[in-house]
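To keep things clear, I will list the structure first and then write my remarks on it.
First the proteins, then the strands, lettered A, B, ... as listed; each starts at 1. Side-chain atoms are counted along with the backbone in the values below, which use heavy atoms only and exclude waters and symmetry mates.
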Amino acid sequence: SQQGEEDPQALSIQEGENATMNCSYKTSINNLQWYRQNSGRGLVHLILIRSNEREKHSGRLRVTLDTSKKSSSLLITASRAADTASYFCATDAKPTDKLIFGTGTRLQVFP
Amino acid sequence: NAGVTQTPKFRVLKTGQSMTLLCAQDMNHEYMYWYRQDPGMGLRLIHYSVGEGTTAKGEVPDGYNVSRLKKQNFLLGLESAAPSQTSVYFCASSYLPAGYGNTIYFGEGSWLTVV
């Protein structure tokens, strides 16, 4: 069964707007990662947040983690058409030698 | 700068045929993974390996076999393909266990259609 579930499944915005996508998971974790997938390509790592962190930034990306609610959010500020992709959260699972991915959010940014 | 390379990229199989997907990584990674990606299902782990000569089952291992005879290669086999195995297959690798907050690196995917 999936550990993570992203919400919304799809999101369409205009360039310059902010995009927020959420991830909920089921069991306790040590880390949560976000990955990006361009159409027809493999996944690329974006950012990692550890369970003892509440917020992390990387460029235009801001990730929050609420372990009490078992949820995370990814905010992309000032979006660009090139941000059009699917975004996945991934959590560790016991035993922690592998990642379990969520179902993804498809983001479309219109010029 | 090859990273993780998958072959073939596209393949059409008839039901009951067998085939092998090859994954090769040139980063000296210990850990390798095979995922399948289906619409609305995200990525699901099929099998993984924690080092040369080892394999372990993931979430959806039925109908697949794997081998890790060499550290740099991880093979995924379908002995008797079924239409339910139509999917996009991704190989990935990592130097340390992915679950300990380590990044994993993905190949570009292999599109498999079983008719």
Side-chain angles (χ1 to χ4, degrees), chain A residues 1-10 21-53 56 58 63 65 72 85-106, chain B residues 2-7 9-10 21 23 25 27 29-51 54-61 66 68 74 88-111:
Chain A
S1 61
Q2 298 292 137
Q3 161 76 316
E5 194 165 313
E6 280 89 339
D7 170 62
Q9 289 187 332
M21 50 207 87
N22 304 297
C23 168
S24 59
Y25 55 91
K26 298 174 184 175
T27 62
S28 296
I29 61 171
N30 293 319
N31 307 282
L32 186 144
Q33 303 184 35
W34 285 90
Y35 284 77
R36 166 193 168 127
Q37 182 183 32
N38 287 359
S39 180
R41 307 295 296 273
L43 281 73
V44 176
H45 179 259
L46 291 176
I47 192 167
L48 174 148
I49 187 165
R50 302 192 186 279
S51 61
N52 61 355
E53 297 176 311
K56 201 160 183 181
S58 177
V63 171
L65 179 63
S72 173
S86 291
Y87 294 82
F88 294 87
C89 67
T91 54
D92 57 7
K94 302 295 188 274
T96 55
D97 53 2
K98 55 188 182 292
L99 286 180
I100 303 296
F101 285 81
T103 51
T105 292
R106 292 190 314 277
Chain B
V4 179
T5 305
Q6 296 179 226
T7 53
K9 192 166 180 68
F10 300 98
L21 296 176
C23 177
Q25 52 93 5
M27 296 175 281
H29 285 171
E30 290 291 337
Y31 297 80
M32 297 188 74
Y33 314 84
W34 276 107
Y35 288 88
R36 62 177 287 174
Q37 185 175 33
D38 303 290
M41 299 292 291
L43 279 84
R44 292 180 292 170
L45 183 65
I46 305 171
H47 286 282
Y48 65 104
S49 169
V50 300
T54 74
T55 62
K57 294 180 180 180
E59 294 176 83
V60 289
V66 287
R68 183 97 182 269
F74 195 29
V88 185
Y89 292 86
F90 286 97
C91 178
S93 71
S94 62
Y95 184 66
L96 294 171
Y100 285 105
N102 299 293
T103 301
I104 62 174
Y105 297 85
F106 281 84
E108 293 292 282
S110 295
W111 275 253

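Residues passing the side chain to side chain contact (heavy atoms under 4.5 Å, CB included) test with T54(B) are S49(B), V50(B), sequence neighbours excluded. With sequence neighbours excluded, the residues forming a side chain to side chain contact (heavy atoms under 4.5 Å, CB included) with E30(B) are K71(B), listed by chain and number.
Using a 4.5 Å cut-off between heavy atoms, R50(A) contacts chain B through its side chain alone, with no backbone atom that close. No part of Y105(B) comes within reach of chain A, as not one of its non-hydrogen atoms sits under 4.5 angstrom from that chain. Heavy atoms of Q37(A) lying under 4.5 Å from chain B belong exclusively to its side chain. With a threshold of 4.5 angstrom between heavy atoms, L96(B) does not approach chain A through any atom at all.
Scanning both residues, Q33(A) and N102(B), for their nearest heavy atoms gives NE2-O, 3.2 Å. In terms of heavy-atom proximity, Q37(B) sits nearest to F88(A) at NE2-CZ, 3.3 Å.
Taking CG of L43(B) as the reference point, atom OH of Y35(A) lies at 10.5 Å (rounded to 0.5 Å). A distance of 12.0 Å separates OG1 of T103(B) from CG of L43(A), quoted to the nearest 0.5 Å. For the atom pair OH (Y31(B)) and CG (L99(A)), the distance works out to 12.5 Å, reported to the nearest 0.5 Å.
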#### Entry: Test ring pair (Phe, Tyr, Trp, His ring centres under 6.0 Å) applied to Y33(B) and F101(A), step by step
CA-CA 13 Å; Y33(B) 314 84; F101(A) 285 81; 9.3 Å; no
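At most 12 non-hydrogen atoms from other residues, nucleotides or ligands lie less than 6.0 angstrom from NZ of K57(B). Within a 6.0 Å sphere centred on CD of E108(B), other residues, nucleotides and ligands contribute more than 12 heavy atoms.
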